[in-house]
Amino acid sequence: MSRYTAKDIEPKWQSAWENAGAFAAVRDPARPKYYVLEMFPYPSGRIHMGHVRNYTMGDVIARYKMSCGFSVLHPMGWDAFGMPAENAAMEQGGHPKDWTYGNIADMRAQMKPLGLSIDWSREFATCDPEYYGQQQSMFLDFLEKGLVYRKNATVNWDPVDMTVLANEQVIDGKGWRSNAEVERRELTQWFFKISDFSEELLEAIDGLDNWPDKVKLMQRNWIGKSRGLQFSFGLIDGPDGHDRIEVYTTRPDTLMGASFIGISPDHPLARSLERENQEIAAFNAECRRMGTSAAELETAPKNGFDTGLRVRHPFDTAWELPVYIANFILMDYGTGAIFGCPAHDQRDLDFAHKYGLDVIDTFVALENGTSVGNEAFVPPKTEKVRWLKAFGWDETAAGAEAIDAAIAFCEENGVGMGVTKYRLRDWGLSRQRYWGCPIPVVHCDTCGVVPEKKENLPVKLPDDVTFDKPGNPLDRHPTWRDTPCPACGKPAKRETDTMDTFVDSSWYFARFTAPHAATPTVMEDAAYWMNVDQYIGGIEHAILHLLYSRFFARAMNICGHLPASAIEPFDALFTQGMVTHEIYVTRDEKDRPVYHLPEHVEWHESGARLGATGEAVEVIPSAKMSKSKKNVVDPVNIIDAYGADTARWFVLSDSPPERDVEWTASGADAAFKHLARVHRIATDIAGSETPESGADEALLREMHKAIHDVTMGIESFGFNAAIAKLYAFTNTLQKSDAGAGARRLAAQTLAQLMSPMTPHLAEELWLLLGGSGHVTGAPWPKADPAMLVEDSVTLPIQINGKRRSEITVPKDMAKEEVEKIVLADNAVQRALQGGAPKKLIVVPGRIVNVVL
RNA sequence: GCCCGAGUGGCGGAAUGGUAGACGCAGCGGAUUCAAAAUCCGCCGCCUUCACGGGCGUGGGAGUUCGACUCUCCCCUCGGGCACCA
């Protein structure tokens, strides 16, 4: 009897699919289309279990939809620009291009044995000049439509390496290589006008019915629409050109509780003051010696500097407020200046206590409202409070009403304007790095900033660069910058900044519909394939990547590269969890942790030990697989040991897809055993010739239930639940004493239901059991509704909400009849002790509750 | 700091507001075997009881309900994001 040997089965079916062209996506107007896409990978060089999980989920959907008769597009590509390639070049020598394309070849070779239903003819990398050339072409279109512009922005500057640092390269305020104190520096950079779309991007979220609520909420908060008051405080004896400070507040109702003004160290007034005042200059310099990331700024200790300047309160010109420069106020938000109301904002309160400023209650709680102490009083805006300092609203108004009234009052009295603002800032796309898409513009002394001509695209990256020095190799390349001005023809210089890699990933999904076209997209292809019907990826992309892609789709539509129907490019989104693993650690002589790979750890009765030395190993709970912690399992090894179907089955079976899954050796083992068992059962059935039996119908009923449950499981992304049903159905099939005909049909159906998850094994069993053609693409089985209904139903009986008994009654028995049977039940009689129940609740078909 | 999630047996997890623990792992008992591996059958939340049964139980605390893992509020712990990691 043949055994289950994945090593033989899997390559065989992979080449069979390839020869049949089973996964080529073809535009077929006669069939409905389905576009399933997993977020494309960064080519690090090795696939990891997270990839396996991500692509297997997409593959299940793709294969299932194929079986349901859809024309399926399931492509794969590479998010190939970015810093790791340059870091590798700096550390190990070599060229980012060679490193990247080498990694792509390696990863493709690791991925193919997974047996994914991918149309590899559509593969591309974002670092292919054919791809980034089209991106440059779109950049020029965006420029023409006013969707891109230049302005100054702050970057992290490493004064030793003389280079711009990414936020992740700033560690405790210092450069990761040089260890030098990072400075903030202003550069002129390119920006996409995503803020023009704030309202539209916000409103359109309501239409994203098949996106997770949490992602929609995060995007709404990110866009951050607010209604507030913009007004100014008159400055007393300010320096030349500064007679007022412009402020935006979402809480104008607390204006009478203001006790100081805070301005950003980068505020024009602060910059003006630092020229005259050494101390202010020193304070500002100190503030600028911090990274640019919001997390860093907001967790740093809050510091302020009293400028000595005073402003007048707009409602009372005799009331003067001090002006502080504060390190936590960003020039990018609002006007770069705030008024502090310590009583109703914790940060302001801490600041006030630190600098001995007034705390003025503007409202208190309705019931026994007391003055603010160490905790700011910040009730929900819908909660009614008692106002001590209202101007124009009821004494017991809620915050929301008070805000509206305050804005109205201020407008009437000429103190500012009610305005709507968005937190969303324009998207800075300039990067001072080599390994990215060159920004196709030229700087001419005569003509200024001039777009490159489209016929000169792509502006290709030069290959002859070195990474022995920090900074952008494009800047120091001897000739690359030199180019004639596209406008006047005189010698000019190319822009040396490249694009943020988020640009690359903001339209790749559209490019997959016509991956080798000479234009960014082809309308007929985009119109047929877009939108992505199911997008699958990590929750870490909930905001930036997905929001940028939504913006890009709109911008591409404006420029004629996508139809209007595709401005929301992802119809359904699923965010999958990570693959985690336990961490194994020993200590070196200095008590520093030494991590060990799972394959080097053995389990003994005394616990985990190193296989080589027998040394005891500490086991730390599961965390995301990472090279530094060595808690990684290489998919290549798993496929080698068990086969791809086992790896696929396991990553789907052990956890709900949206949650993390912990990789365990025993779980992988169990998955393999199960597949071998299915193979064995099917082999037995294939050789069996028992006659029909009375058990046939029971088995077929279970089969139809399995079809129903598994189909629902796949449709609802409940892969783990679908697999649990498949386990249960396998148990039923194994124990069934139905005849060979019924068992063969059940086994064929089992193979088919398993085919999206374990396609190779399913093909093998399909063949073995006499199915016609490939199971891949065979019509998906349909559950017969008549086989799903049961004649009788078991009702649990609760007494006071606790299950105490159960009865089995005909499915459609009348309530009154059920009640009679319940009251006659032994457990109920015992509980009633001759009395009558206070209440008897019968939920037909579900449950009975007797309330005493 | 701010925004968003998650928390259920020894472990991974299941459960349209309706029998908490499906299914799997580990464990225990048995069959098969000269023996083992493999396989097959059964048991398996905790406490209590000879047993029938009873009590407790979904991170902690309150609330809504005939009934709460599920809904509301507060808290704790862990994870994701915070605009130059991808």
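Each chain gets a letter, A, B and so on, in the order the sequences are listed, and its residues count up from 1. Side chains included, hydrogens not; waters and symmetry mates left out as well; all remaining heavy atoms used.
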> Describe the nucleic acid contact of A/Val851 in one word from base, sugar-phosphate, nothing, applying a heavy-atom distance below 4.0 Å.
sugar-phosphate
> What contact category does A/Thr299 fall into here, base, sugar-phosphate, or nothing, at under 4.0 angstrom with non-hydrogen atoms?
base
> I'd like a table of atom pairs between the protein and nucleotides 27-32 of chain B - only N or O on both sides, under 3.5 Å - with the distance next to each one.
none

> Over how many whole Å does the gap from A/Glu806 atom CD to B/G18 atom P extend?
18 Å
> Rounded to whole angstroms, how far apart are CH2 on A/Trp435 and P on B/A86?
13 Å
> Write down the distance between CZ (A/Phe551) and P (B/A83), rounded to a whole number of angstrom.
19 Å
> Between B/A14 atom P and A/Leu652 atom CG, what is the distance in whole Å?
14 Å
> Tell me which nucleotide, if any, is Watson-Crick or G-U wobble paired with B/C66 when both distances must be under 3.5 Å.
B/G18
> Counting only N and O atoms by type, is there a donor-acceptor contact under 3.5 Å from the side chain of A/Asn327 to the main-chain atoms of A/Pro301?
yes
> Identify whether any heavy atom of A/Gly428 sits under 4.0 Å from a base atom; if not, whether one sits that close to sugar-phosphate; answer base, sugar-phosphate or nothing.
sugar-phosphate
> Is the closest side-chain donor-acceptor distance between A/Ser653 and A/Asn720 under 3.5 Å?
no
> If you look at every strand shown and take non-hydrogen atoms under 4.0 Å, does A/Phe328 touch a base, only sugar-phosphate, or nothing?
nothing
> So, is B/G9 syn or anti if syn means the angle is within 90° of 0?
syn
> Do A/Arg804 side-chain and B/U19 base share a donor-acceptor contact under 3.5 Å?
no
> Does this structure show an ion pair linking A/Glu91 with A/Arg177, if we count only N-O contacts that are shorter than 4.0 Å?
yes
> Which part of the nucleic acid, if any, lies within reach of A/Ala670 when heavy atoms closer than 4.0 Å are counted: base, sugar-phosphate only, or nothing?
sugar-phosphate
> Given the P atoms of B/G29 and B/A36, what is the spacing between them in whole Å?
14 Å
> Answer yes or no: does a side-chain N or O of A/Ser655 lie under 4.0 Å from OP1 or OP2 of B/G13?
yes
> Who does B/G12 pair with, Watson-Crick or G-U, both distances under 3.5 Å?
B/C23
> Looking for any heavy atom pair under 4.0 Å, which part of the strands does A/Lys673 touch: base, sugar-phosphate only, or nothing?
sugar-phosphate
> Using a 4.0 Å heavy-atom cut-off across all strands, classify A/Pro212 as base, sugar-phosphate, or nothing.
nothing
> Over all strands shown, is A/Gly82 touching base, sugar-phosphate only, or nothing at heavy-atom distances under 4.0 angstrom?
sugar-phosphate
> Which part of the nucleic acid does A/Asp669 contact within heavy-atom distance under 4.0 Å: base, sugar-phosphate only, or nothing?
nothing
> Using a 4.0 Å heavy-atom cut-off across all strands, classify A/Ile841 as base, sugar-phosphate, or nothing.
base
> Whole-Å distance between B/G5 C1' and A/Lys214 NZ?
6 Å
> Side chains of A/Tyr422 and A/Trp222: is there a donor and an acceptor less than 3.5 Å apart?
no
> Just checking A/Lys216: base, sugar-phosphate only, or nothing, at a heavy-atom cut-off of under 4.0 Å?
nothing
> Paired with B/C2 by Watson-Crick or G-U wobble geometry, both distances under 3.5 Å: which nucleotide is it?
B/G81
> With no hydrogens and no angle check, do the side chains of A/Trp435 and A/Thr100 hold a donor and an acceptor under 3.5 Å apart?
yes
> So what does A/Arg659 touch, heavy atoms closer than 4.0 Å: a base, only the sugar-phosphate, or nothing?
sugar-phosphate
> Atom CE of A/Met39 and atom C1' of B/C85: how far apart are they, to the nearest Å?
15 Å
> When you check the phosphate oxygens OP1 and OP2 of B/C3, does a side-chain N or O of A/Arg220 lie under 4.0 Å from one of them?
no
> Are A/Lys174 and A/Asp158 ion-paired here, with the side-chain N under 4.0 Å from a carboxylate O?
no
> Quick one: label A/Gln189 by what it contacts on the DNA or RNA (base, sugar-phosphate, nothing), any heavy atom closer than 4.0 Å.
base
> Could you let me know what B/G7 is paired to, Watson-Crick or G-U wobble, both distances under 3.5 Å, or none if it's on its own?
B/C76
> Could you tell me whether a side-chain N or O of A/Lys815 sits under 3.5 Å from a main-chain N or O of A/Val843, the two making a donor and an acceptor?
no
> If I pick the P atom on B/C25 and the same atom on B/G79, what distance separates them, to the nearest angstrom?
30 Å
> Indicate every side-chain donor-acceptor pair of residues 290-299 of chain A with a distance under 3.5 Å to a residue at least two apart or in another chain.
| from | atom 1 | to | atom 2 | distance (Å) |
| --- | --- | --- | --- | --- |
| A/Thr292 | OG1 | A/Asn156 | OD1 | 3.2 |
| A/Thr292 | OG1 | A/Asn156 | ND2 | 3.4 |
| A/Thr292 | OG1 | A/Asn167 | OD1 | 3.2 |
| A/Ser293 | OG | A/Glu296 | N | 3.3 |
| A/Glu296 | OE1 | A/Gly291 | N | 3.4 |
| A/Glu296 | OE2 | A/Gly291 | N | 3.2 |
| A/Thr299 | OG1 | A/Ala295 | O | 2.7 |
| A/Thr299 | OG1 | A/Glu296 | O | 3.3 |

> Is there a donor-acceptor contact under 3.5 Å linking the side chains of A/Asn472 and A/Gln432?
no
> Specify the separation, in whole Å, of atom CD of A/Glu298 and atom P of B/A83.
10 Å
> Figure out the OH/P separation between A/Tyr727 and B/G24, and round it to whole Å.
7 Å
> Does A/Val850 or A/Val164 map to a spot on RNA chain B nearer the 5' end, using the closest nucleotide for each?
A/Val850
> Could you check A/Thr501 against A/Asp213 and say which one's nearest nucleotide on RNA chain B is further toward the 5' end?
A/Asp213
> Side-chain N or O of A/Asn849 versus OP1/OP2 of B/U19: is the shortest distance under 4.0 Å?
no
> It should be established whether A/Gln734 places a side-chain nitrogen or oxygen under 4.0 Å from OP1 or OP2 of nucleotide B/C40.
yes
> Is a donor from one side chain sitting under 3.5 angstrom from an acceptor on the other, for A/Lys354 and A/Asn303?
yes
> With respect to the phosphate group of B/G42, does any side-chain polar atom (N or O) of A/Lys735 fall under 4.0 Å of OP1 or OP2?
yes
> Write down the distance separating the P atoms in B/A6 and B/C73, rounded off to the nearest Å.
14 Å
> Does either side chain, that of A/Tyr548 or that of A/Asp500, offer a donor lying less than 3.5 Å from an acceptor on the other one?
no
> Is there a Watson-Crick or G-U wobble partner for B/C34 with both distances under 3.5 Å, and which nucleotide is it?
none
> Confirm from the modelled atom types if A/Asn221 and B/C3 form a donor-acceptor pair under 3.5 Å, side chain to base only.
no
> Would you check if the side chain of A/Arg53 reaches a backbone N or O of A/Gly577 as a donor-acceptor pair within less than 3.5 Å?
yes
> Taking any heavy-atom pair under 4.0 Å as a contact, classify A/Asn800: base, sugar-phosphate, or nothing.
nothing
> Whether the side chain of A/Ser506 engages the backbone of A/Phe502 through a donor-acceptor N/O pair (distance < 3.5 Å, no angle test) should be reported.
yes
> When the P atoms of B/U65 and B/U16 are considered, how many whole Å apart are they?
24 Å
> With the sugar-phosphate defined as primed atoms, P, OP1 and OP2, and the base as all remaining atoms, what B/S/- string results for nucleotides 71-82 of chain B, 5' to 3', for protein heavy atoms under 4.0 Å?
---------BSB
> Expressed in whole Å, how much space separates the P atoms belonging to B/A26 and B/G12?
15 Å
